[in-house]
Engineer: 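Would you mind keeping the following structure in view while I ask a few things?
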Amino acid sequence: MKKLFLIPLIVFALSAKAQEAKQNYNFSLDQAISHALANNYSAINASRDIEASKAKKWETTAAGLPQVSAGVDYADNFIIQKSLIPAEIFGGKKGDFATVAFGTTYSMAAHATLSQLIFDGSYIVALQASKTYMKYYQNAKQKSDVEIKETVINAYGNVLLAEESIAILEKNKTTLEKTLADTKETFKNGLIEEENVEQLQITLTSINSTLNYNKRLVEVAYKMLKITLGININDDLKLTDKLDNLTVSNLDLAFSQNEFVVTNNVNYQMASNFEEQKELEYKLERSKALPSLSANLNYGYNAFGNQFAFFTPTQSWLNYSNLGVSLRVPIFSSLARNSRTQQAKIAIEQAKTQLTETEQKLKLQFASAKSEYEFSIEQYETAKTNLNLAERIEKKQQIKFTEGLSSSFDFSEAQRQLYTAQQNYLQSMVNIINKKAALEKVINKK
């Protein structure tokens, strides 16, 4: 009995813990964008790429700074290598050889080396390339932020669209259920045909099906938005902005008239960055024809013995030191270096062509995005007008149908026309928000 009593308590405790871990969020669109730019998974990794590029830049810089290394070498010569020498040195016969072992059983050496690069053309180019490398990831982070912003706007709009659709469908369902109930009573009194009732039932069934679909859709839309925001899909999220308010705030034809500065677009900046990289690769290949100069300072101690006594006071240690300078001058590479230089030069021309192509494509993309945004505003005005007309037509047909002056087919047709106009109106509002976001992405509006 005690075990049976403990089970509900354990389940309750686990449930309470799960609910405690669940977080609640209330976001306007601007707040959602700010949260995503800081917590979106792609944004987080893009920031890490920048940090990694900073570390890479220092790695490149450190290659030209003093380098210090130290080591200890130990050898146990349990079989000492032997050599032959003329035996006459020791009083033997001329022409004979004596076997002699040179060395001791044990040897140990401790040494340290200081090295410094004095001049290397490749190192100078590498320093310049490290800055370009970091700039590339900064541009990549900016591109990621722009894409995340657009994704958040689209996902936020999709949630609002699904919620508004549900609200309208439920309102239509309530109205239709009342009309159907009244029609059934009229049919019972023998004043209308059964077909009128059946026609309304078909329409109601269709609304119920669409309503259930949108209820499932809003759950998926919320989860997609949560993933984009970088929050757990099981957390609670409430959107504080309304679809109509966002639509009005995005109605700005003057915005689309702004001059397009292609150099502000992050894709252009990345293409320019790519061209700069190719120019540095060309300089790198040319720098390989220059001499390189480096220096190193060595200092160490050696010790030898037939007994392992290196750490005793009687052990003799022999010190040594030397300073070395190394100069390397490339003279002839059978034109291999020249071939690599020519390849790098061709790569620069290709990068310039890609930059020009990117510029032209971005101008076309701007013209298209501008046209789409302006058209979305026109569609919104048209959908708004059509919705007002469809509401008036449906209301008139409902009165005629109730008074027996119109058929159920005409009334159902007016209803379908109204439902379509409602969805078109909602979609036109979302289109304005999305199309402006697409235009802002091209312009690179912060």
Side-chain angles (χ1 to χ4, degrees), residues 154 157-184 186 192-193 195-215 217-218 221 241-256 370-437:
N154 291 338
N158 287 338
V159 173
L160 294 181
L161 174 61
E163 289 183 332
E164 291 289 340
S165 296
I166 290 173
I168 288 178
L169 286 167
E170 288 180 339
K171 180 181 177 181
N172 292 340
K173 178 183 176 181
T174 301
T175 302
L176 187 57
E177 285 176 339
K178 183 179 182 304
T179 303
L180 178 59
D182 294 341
T183 304
K184 286 182 177 179
T186 305
I192 59 173
E193 297 181 1
E195 180 185 352
N196 294 331
V197 177
E198 293 173 341
Q199 188 68 54
L200 291 177
Q201 288 175 332
I202 291 174
T203 306
L204 181 59
T205 301
S206 178
I207 286 181
N208 282 326
S209 176
T210 306
L211 179 59
N212 291 333
Y213 170 75
N214 278 272
K215 286 181 178 179
L217 183 64
V218 75
D241 277 333
K242 300 299 181 183
L243 185 58
D244 52 352
N245 294 336
L246 284 179
T247 303
V248 173
S249 65
N250 282 278
L251 285 171
D252 186 9
L253 275 173
F255 172 73
S256 65
K370 175 184 174 183
S371 176
E372 290 287 337
Y373 174 59
E374 292 173 348
F375 180 61
S376 69
I377 295 178
E378 295 174 3
Q379 279 187 316
Y380 168 72
E381 298 296 340
T382 301
K384 189 175 181 180
T385 302
N386 289 342
L387 177 59
N388 290 332
L389 292 174
E391 287 175 344
R392 289 167 57 188
I393 292 172
E394 193 271 345
K395 188 175 182 179
K396 290 177 181 179
Q397 286 295 331
Q398 184 179 16
I399 294 173
K400 290 181 179 180
F401 176 73
T402 303
E403 295 178 354
L405 301 176
S406 176
S407 67
S408 60
F409 177 80
D410 292 334
F411 180 43
S412 297
E413 188 64 27
Q415 287 177 318
R416 282 191 290 269
Q417 184 174 258
L418 173 61
Y419 301 156
T420 301
Q422 289 171 338
Q423 291 302 314
N424 288 342
Y425 178 64
L426 292 178
Q427 187 63 55
S428 70
M429 289 195 287
V430 173
N431 286 343
I432 286 178
I433 300 170
N434 292 346
K435 297 303 181 183
K436 188 178 181 184

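Quick caveat, the model's predicted, so the values are computed rather than measured.
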Engineer: Got a sec, which residues hit side-chain contact (heavy atoms from CB on, under 4.5 Å) with A221, two or more places apart in sequence or on another chain?
Structural biologist: V159
Engineer: Suppose we screen for salt bridge (Lys or Arg N to Asp or Glu O under 4.0 Å). Which residues come up paired with R392, at least two apart in sequence or across chains?
Structural biologist: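 With neighbours one apart ignored, the set is empty.
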Engineer: Partners of N434 by side-chain contact (heavy atoms from CB on, under 4.5 Å), sequence neighbours excluded?
Structural biologist: I153, N154, V430
Engineer: For E391, which residues count as a salt bridge (Lys or Arg N to Asp or Glu O under 4.0 Å) partner, sequence neighbours excluded?
Structural biologist: none
Engineer: Using the test side-chain contact (heavy atoms from CB on, under 4.5 Å), find all partners of S165 that sit at least two apart in sequence or belong to another chain.
Structural biologist: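 Counting only residues at least two positions away or on another chain, S165 forms a side-chain contact (heavy atoms from CB on, under 4.5 Å) with L161, N214, Q423, L426.
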Engineer: Run I393 and K396 through side-chain contact (heavy atoms from CB on, under 4.5 Å) and show every step you take.
Structural biologist: CA-CA 5 Å; I393 292 172; K396 290 177 181 179; 5.9 Å; no
Engineer: Show which side-chain atoms of residues 201-210 pair as donor or acceptor with protein atoms under 3.5 Å away, not counting sequence neighbours.
Structural biologist:
residue: T203; atom: OG1; partner: Q199; partner atom: O; Å: 3.1
residue: T205; atom: OG1; partner: Q201; partner atom: O; Å: 2.9
residue: N208; atom: OD1; partner: K173; partner atom: NZ; Å: 3.2
residue: N208; atom: ND2; partner: L204; partner atom: O; Å: 3.3
residue: T210; atom: OG1; partner: S206; partner atom: O; Å: 3.0

Engineer: Run the side-chain contact (heavy atoms from CB on, under 4.5 Å) check on N424 and N386 step by step: do they pass?
Structural biologist: CA-CA 9 Å; N424 288 342; N386 289 342; over 6 Å; no
Engineer: Return yes if some donor-acceptor pair links the side-chain N/O of S412 with the main-chain N/O of F409 below 3.5 Å, else return no.
Structural biologist: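 Answer holds: no.
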Engineer: Between L418 and E394, which heavy-atom pair has the shortest distance, and what is it?
Structural biologist: CD2-CG, 3.7 Å
Engineer: Going by salt bridge (Lys or Arg N to Asp or Glu O under 4.0 Å), name the residues that satisfy it together with E372, two or more places apart in sequence or in a different chain.
Structural biologist: K435
Engineer: Show me the pairs that pass ring pair (Phe, Tyr, Trp, His ring centres under 6.0 Å) and involve residues 414-434, at least two apart or across chains.
Structural biologist: Y380-Y425
Engineer: To the closest 0.5 Å, what do you measure between CD1 (I432) and CD (Q379)?
Structural biologist: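 Atom-to-atom, I432:CD1 and Q379:CD are 9.0 Å apart.
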Engineer: Residues two or more places apart in sequence or in another chain: which of them pass ring pair (Phe, Tyr, Trp, His ring centres under 6.0 Å) with F411?
Structural biologist: F401
Engineer: According to side-chain hydrogen bond (donor to acceptor under 3.5 Å, both in side chains), who are the partners of N172, at least two apart in sequence or on a separate chain?
Structural biologist: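 Result, side-chain hydrogen bond (donor to acceptor under 3.5 Å, both in side chains) vs N172: Q422.
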Engineer: Mind checking side-chain contact (heavy atoms from CB on, under 4.5 Å) for D244 and listing every partner two or more places apart, or none if nothing turns up?
Structural biologist: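 Only K242, M429 meet the side-chain contact (heavy atoms from CB on, under 4.5 Å) criterion with D244.
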Engineer: Step by step, would you call E378 with F375 a side-chain contact (heavy atoms from CB on, under 4.5 Å)?
Structural biologist: CA-CA 5 Å; E378 295 174 3; F375 180 61; 3.8 Å; yes
Engineer: Rounded to the nearest 0.5 Å, what separates atom CG in D182 from atom CD in E177?
Structural biologist: 12.0 Å
Engineer: Can you run down the salt bridge (Lys or Arg N to Asp or Glu O under 4.0 Å) pairs that involve residues 404-423, sequence neighbours left out, and say none if there aren't any?
Structural biologist: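 Passing the test, one end in residues 404-423: E413-R416.
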Engineer: Can you tell me how far apart CD1 (I433) and CG (L243) are? Round to the nearest 0.5 Å.
Structural biologist: 5.0 Å
Engineer: Run the side-chain contact (heavy atoms from CB on, under 4.5 Å) test on T402 and T183 for me, step by step, so that the C-alpha distance in whole Å, both residues' side-chain angles and the decisive distance to 0.1 Å come before the verdict.
Structural biologist: CA-CA 8 Å; T402 303; T183 304; over 6 Å; no
Engineer: Rounded to the nearest 0.5 Å, how far apart are CG of L176 and CD of Q398?
Structural biologist: 9.0 Å
